[in-house]
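Computed from a prediction, not measured in an experiment: that's the story for all the values here.
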Amino acid sequence: MREREFRRAQADPRKPVPPAGWRGPFLPGCSGGRLELPDYLPESARRFFDSKLRDGFEQALELARHRIRVHRPVADSVDQRELECAAELAAHLEREVALLTRLARDARMQGVYTHLLSEGVNAADFLRAAWAAARDYGEASQELRAAKRLAGEIASLADQLSSLLQQANLPPGVLLPREFFDVRALLYRATPAAHARGRFAWGGSRLALLGNVGAEGAGNTEQRAEWEHLERLWRDAPELSALLTVLAGAARQFTPAHQDNAVAAADRSRKKNPRAAYLRALFVLLSANGVSVGCRLYQAIADTTDVVLNDPDVSTSADDVRKAMRLPEGSC
């Protein structure tokens, strides 16, 4: 969405023209106003904010706001969709700019930067982790709960179908489709996956794996021997009902976990606590960015947490950081 808004805003003939003598990117509606970075910022932090704010989110936000100004007076449905898209993007970018602005200019961060310098910690690595850890982990929790519900439904339906297929074995003298029981018959008829390509793809190899059904008398002695070998193997293969029972068991045992380690760490506790979730994700991301989290960084982490969460009712201490790391009392 962000790239699309850039392209459309830059190509729009109604886009305001920069004044004569203007150098650099022109941001409509921006009163000369990029964020002024404080002098106390370490050089690595300054480069981080230049990249994220001055050359990134600030410009993207102004372009999104421009799209809103362009489409707001128009009533047709296409422009209404564009307006909603631009408004959603602008709201997201405003949150990003506000967060980065706090990390750059909040008075509490001056002490954090001083401490990082004294400990020899690269401020950009620290900021990268602090910024990336600030996200809505509630959405990830909902995704995990939805995955667990889906697995339960799959288990239930797989059990039901397995039971029905086993019952289908009971009526004597009734000829049922082989596909009700024979996995090989299903594989033989199934359409190959859409991504299957090349000489080793399923379409070209399935006869070698399944055998040419109905060709038991064809071919030379070697081909007949190969066919008989495949027949013996497939004769002992589990029936479809048995595979469905295995599927149901796997679905019941399934415990969803997020592939993103930071999200998985944030969601580790059943008791939802935004500060604890942020801290757990931050530890993972600090480690991924090469920052060793020791006792001497606890206060800097605590102050940064308060700046990021921006909640007047939340005040984080070094001991809160220790508890989030699940370290014993007195370990520092």
Side-chain angles (χ1 to χ4, degrees), residues 1 4 81 135-270 284:
M1 183 193 303
R4 181 181 67 185
R81 287 194 297 273
R135 54 191 295 182
D136 181 5
Y137 294 104
E139 182 177 344
S141 297
Q142 293 174 6
E143 291 172 353
L144 295 178
R145 288 194 295 271
K148 186 63 176 176
R149 286 195 300 271
L150 177 61
E153 293 173 9
I154 290 173
S156 176
L157 291 173
D159 273 335
Q160 292 179 43
L161 183 54
S162 176
S163 177
L164 288 171
L165 289 173
Q166 291 175 48
Q167 293 174 38
N169 271 323
L170 298 178
V174 178
L175 186 61
L176 296 170
R178 292 181 61 182
E179 290 79 7
F180 276 27
F181 318 104
D182 190 341
V183 174
R184 180 170 62 158
L186 285 172
L187 291 173
Y188 193 81
R189 294 187 60 180
T191 303
H195 62 266
R197 296 288 185 274
R199 58 179 295 198
F200 298 110
W202 176 251
S205 304
R206 67 179 167 187
L207 286 181
L209 296 170
L210 304 177
N212 190 356
V213 177
E216 53 270 27
N220 57 35
T221 302
E222 183 179 342
Q223 289 172 330
R224 285 196 298 273
E226 182 180 350
W227 179 88
E228 290 170 359
H229 176 65
L230 284 171
E231 277 295 301
R232 287 193 295 271
L233 291 177
W234 281 108
R235 193 180 300 123
D236 295 335
E239 291 190 350
L240 177 58
S241 60
L243 297 184
L244 288 168
T245 299
V246 173
L247 171 60
R252 277 192 295 271
Q253 295 172 12
F254 170 63
T255 300
H258 208 285
Q259 295 183 18
D260 186 320
N261 291 336
V263 175
D267 196 60
R268 192 170 58 200
S269 174
R270 292 188 178 184
V284 171

With a cut-off of 3.5 Å and sequence neighbours excluded, list every side-chain donor-acceptor pair involving residues 245-255.
| from | atom 1 | to | atom 2 | distance (Å) |
| --- | --- | --- | --- | --- |
| T245 | OG1 | S162 | OG | 3.0 |
| T245 | OG1 | S241 | O | 3.1 |
| R252 | NH1 | D159 | OD2 | 2.5 |

Sequence neighbours excluded - salt bridge (charged side-chain N to carboxylate O under 4.0 Å, His left out) pairs with any residue from residues 147-157
none
From E231 CD over to D236 CG, what is the distance, rounded to the nearest 0.5 angstrom?
11.0 Å
Any idea which heavy atoms bring L240 and V183 closest together, and the distance?
N-CG2, 3.9 Å
How long is the straight-line distance from CG of L186 back to CZ of R184, given to the nearest 0.5 Å?
12.0 Å
Taking only residues two or more places apart in sequence, or in another chain, which ones meet R235 in a salt bridge (Lys or Arg N to Asp or Glu O under 4.0 Å)?
none
Distance-minimising heavy-atom pair for W234 and L187:
CH2-CD1, 3.9 Å
Can you name the closest pair of heavy atoms from L176 and F181 and give their distance?
CD1-CZ, 3.7 Å
